[in-house]
Each structure stands twice: as structure tokens, then as C-alpha cells.
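Numbers for residues simply follow the sequence, beginning at 1. Only a predicted model underlies this, so the values are computations on that prediction, with no experimental measurement involved.
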Amino acid sequence: MALRTIRVQGDPVLNKTCREIKEITPKIRELVEDMLETMYEANGVGLAGPQVGVLRRVVVIDVGEGPIVMINPVILETSGEQTGDEGCLSVPGKAGTVTRPDYVKARAFNENMEEYEIEGTELLARAICHELDHLDGHLYVELAEGPLREVTYESDEE
Ligand code: NI
């Protein structure tokens, strides 16, 4: 395992659309391991392929309940609304107010290419939406209401 460099806003890789993963190769397995390590080291709750410069449809999330690996994720259903603070490891030192669904149901594959469904509310719903946006080249700053704020901590960044 190795830490990967987190790309920051302004890097064009963050605005590109990612390709699906067809099979779990040793390289993909290593990518997933490295993404988890990189996310934990940065105190993030999520990380998407483009953030480490890889344009593949993979995200990792941990909202404090253990690691979640989502390969080729698709949102099946959303409901409700939550408005709250959001940050991103690719937009260091900033936070913004973003409205997201309060419930998300998604389908994805795990690191063994087994398909599963996941339901999330509150922070997990927010993290799933935020990370999946990365796979289509979108950052939360596009959705932020009002100007971003400076933050001096990193523990709530995604
Ligand atoms: Ni992000």
C-alpha cells in the first residue's frame, strides 16, 4: 500500500468523466487499498478515483462505520433534503453549504466485484452523492450556496 497524491481544484483531472471498471485486476486492487490509506491519512470521509488522478469509477467512503468500497456505483433512489456543511480533500481549507438528499439508495460492486445495494441517510447519503459527483467531473463547489468559508481543521472533509 502507498499514499497517493491528492489532486486539488484546478487540476483538469477533477473535471473529467471516469470510465467503468470491467474487472478487478491487481492494479485495481492496489488502487482501492491506496485510496483507503490516502483517505484515512488525510482524515477524509471519502475519496474518488479522479482525486488521485485515476479516471475510473471507484470511490471509497468511511463515515465512521468502516470502509465502503463502491465500484461502478449508481444511485437508484433518493428522497428528502438536508442542508449542511461540506468539504473536499481536493478543495483544502474550505467548506461550503450544500443541499443534498437525506436518503440515498445505491448499487455498486465491492473490491471482489460482488454487486450490492446500500442505503444511507444523513452523512452517508451526503458522502455518496459527493463522491459519485467526482466520477462525472463535478466538485461540490458547483452546488455550494454562497461563498466558501475558510476552515482550519480537516476532520470533516470528504
Ligand atoms: Ni470531494
Side-chain angles (χ1 to χ4, degrees), residues 1-64 67-75 78 82-101 104 106-111 113 118 120 123-158:
M1 298 212 297
L3 293 177
R4 306 236 179 167
T5 302
I6 298 176
R7 308 300 183 91
V8 296
Q9 191 180 18
D11 189 322
V13 78
L14 293 172
N15 300 116
K16 295 194 159 54
T17 301
C18 296
R19 287 182 299 128
E20 285 205 340
I21 291 172
K22 301 277 189 234
E23 60 172 332
I24 303 298
T25 60
K27 208 173 159 183
I28 294 292
R29 213 174 277 281
E30 188 183 0
L31 171 67
V32 169
E33 293 296 316
D34 288 356
M35 285 174 64
L36 283 166
E37 190 180 353
T38 303
M39 173 183 76
Y40 287 125
E41 203 274 338
N43 293 316
V45 305
L47 195 67
Q51 294 184 276
V52 292
V54 180
L55 291 171
R56 306 304 295 268
R57 301 191 81 82
V58 54
V59 311
V60 295
I61 292 172
D62 190 337
V63 294
I68 298 168
V69 176
M70 302 182 84
I71 291 171
N72 302 337
V74 179
I75 289 178
T78 65
Q82 56 173 321
T83 299
D85 272 359
E86 203 159 309
C88 179
L89 293 174
S90 293
V91 189
K94 308 266 190 193
T97 304
V98 180
T99 299
R100 300 279 192 185
V104 171
R107 184 178 60 221
F109 295 85
N110 67 15
E111 65 276 26
M113 218 50 178
I118 184 169
L123 180 57
L124 181 55
R126 177 178 293 282
I128 291 171
C129 293
H130 176 115
E131 298 310 328
L132 267 59
D133 278 354
H134 274 296
L135 302 182
D136 292 311
H138 296 294
L139 297 179
Y140 84 90
V141 298
E142 299 166 37
L143 302 173
E145 295 150 31
L148 300 185
R149 293 183 306 285
E150 304 280 338
V151 290
T152 52
Y153 57 90
E154 293 188 344
S155 58
D156 290 325
E157 296 190 9
E158 284 166 10

TODO: Using only heavy-atom distances, determine whether the side chains of Y40 and D62 contain a donor-acceptor pair under 3.5 Å.
DONE: yes
Open item on the list: Name the residue from L14, V8, V141 that meets the side chain to side chain contact (heavy atoms under 4.5 Å, CB included) definition with V91.
Closed with: V141
Open item on the list: Holding to side chain to side chain contact (heavy atoms under 4.5 Å, CB included), I want the full list of residues that pass it with N72, two or more places apart in sequence or in another chain.
Closed with: E20, I21, R57, F109, M113
Task: Check: Q51 and M39 side chains under 4.5 Å, non-hydrogen atoms - done: no
Task: Interatomic spacing from SG in C129 to OH in Y140 - rounded to 0.5 Å - done: 15.5 Å
Task: Heavy-atom pair with the smallest gap, counting every atom of A42 and I6 - done: CB-CD1, 4.0 Å
Task: A2 backbone acceptor or donor facing E37 side chain under 3.5 Å - done: yes
- [ ] Give a yes or no on whether R149 atom CZ has more than 12 heavy-atom contacts from other residues, nucleotides or ligands under 6.0 Å away.
- [x] yes
TODO: Any chance you could measure R107, atom CZ, to M70, atom CE, to the nearest 0.5 Å?
DONE: 10.5 Å
Open item on the list: To check you understand the geometry: which heavy-atom pair defines the closest contact between E131 and A48, and what is its length?
Closed with: OE1-N, 3.5 Å
Open item on the list: Any non-hydrogen side-chain atom of H130 less than 4.5 Å from a side-chain atom of V45?
Closed with: no
TODO: Please assess E145 against V98 for the test side-chain contact (heavy atoms from CB on, under 4.5 Å), listing each intermediate value before the final yes or no.
DONE: CA-CA 6 Å; E145 295 150 31; V98 180; 5.5 Å; no
TODO: Report the residue from V52, L36, V59 that forms a side chain to side chain contact (heavy atoms under 4.5 Å, CB included) with L47.
DONE: V52
Task: Gap between atom OG of S90 and atom NE2 of H134 - 0.5 Å precision - done: 5.5 Å
- [ ] Can you sort out the partners of L55 under side chain to side chain contact (heavy atoms under 4.5 Å, CB included), two or more places apart, ordered by chain and number?
- [x] V13, K16, C18, P50
- [ ] Please list, chain by chain and in numerical order, all residues satisfying side chain to side chain contact (heavy atoms under 4.5 Å, CB included) with N15, sequence neighbours excluded.
- [x] none
Open item on the list: Between H138 and L143, is there a side-chain heavy-atom distance shorter than 4.5 Å?
Closed with: no
Task: Side-chain (E41) to main-chain (T38) donor-acceptor, under 3.5 angstrom - done: no
Task: Derivation and outcome, side-chain contact (heavy atoms from CB on, under 4.5 Å), residues I118 and L124 - done: CA-CA 10 Å; I118 184 169; L124 181 55; 4.3 Å; yes
TODO: Could you check if a side-chain atom of I28 sits within less than 4.5 angstrom of a side-chain atom of V58, using non-hydrogen atoms only?
DONE: no
Task: side chain to side chain donor-acceptor pair (under 3.5 Å) contacts in which one or both residues fall within residues 3-12, not counting sequence neighbours - done: R4-D34, R7-D11
Open item on the list: Please enumerate all residues that pass salt bridge (Lys or Arg N to Asp or Glu O under 4.0 Å) together with E150, with sequence neighbours excluded.
Closed with: K94
Task: Residue list, salt bridge (Lys or Arg N to Asp or Glu O under 4.0 Å) with R29, at least two apart or on another chain - done: none
Open item on the list: Checking I71 against I24 for the side-chain contact (heavy atoms from CB on, under 4.5 Å) test, could you report, in this order, the C-alpha distance in whole Å, the side-chain angles of both residues, the deciding distance, and whether it holds?
Closed with: CA-CA 10 Å; I71 291 171; I24 303 298; 3.5 Å; yes
TODO: Would you check if P73 and L135 make a side-chain contact, meaning some heavy-atom pair closer than 4.5 Å?
DONE: yes
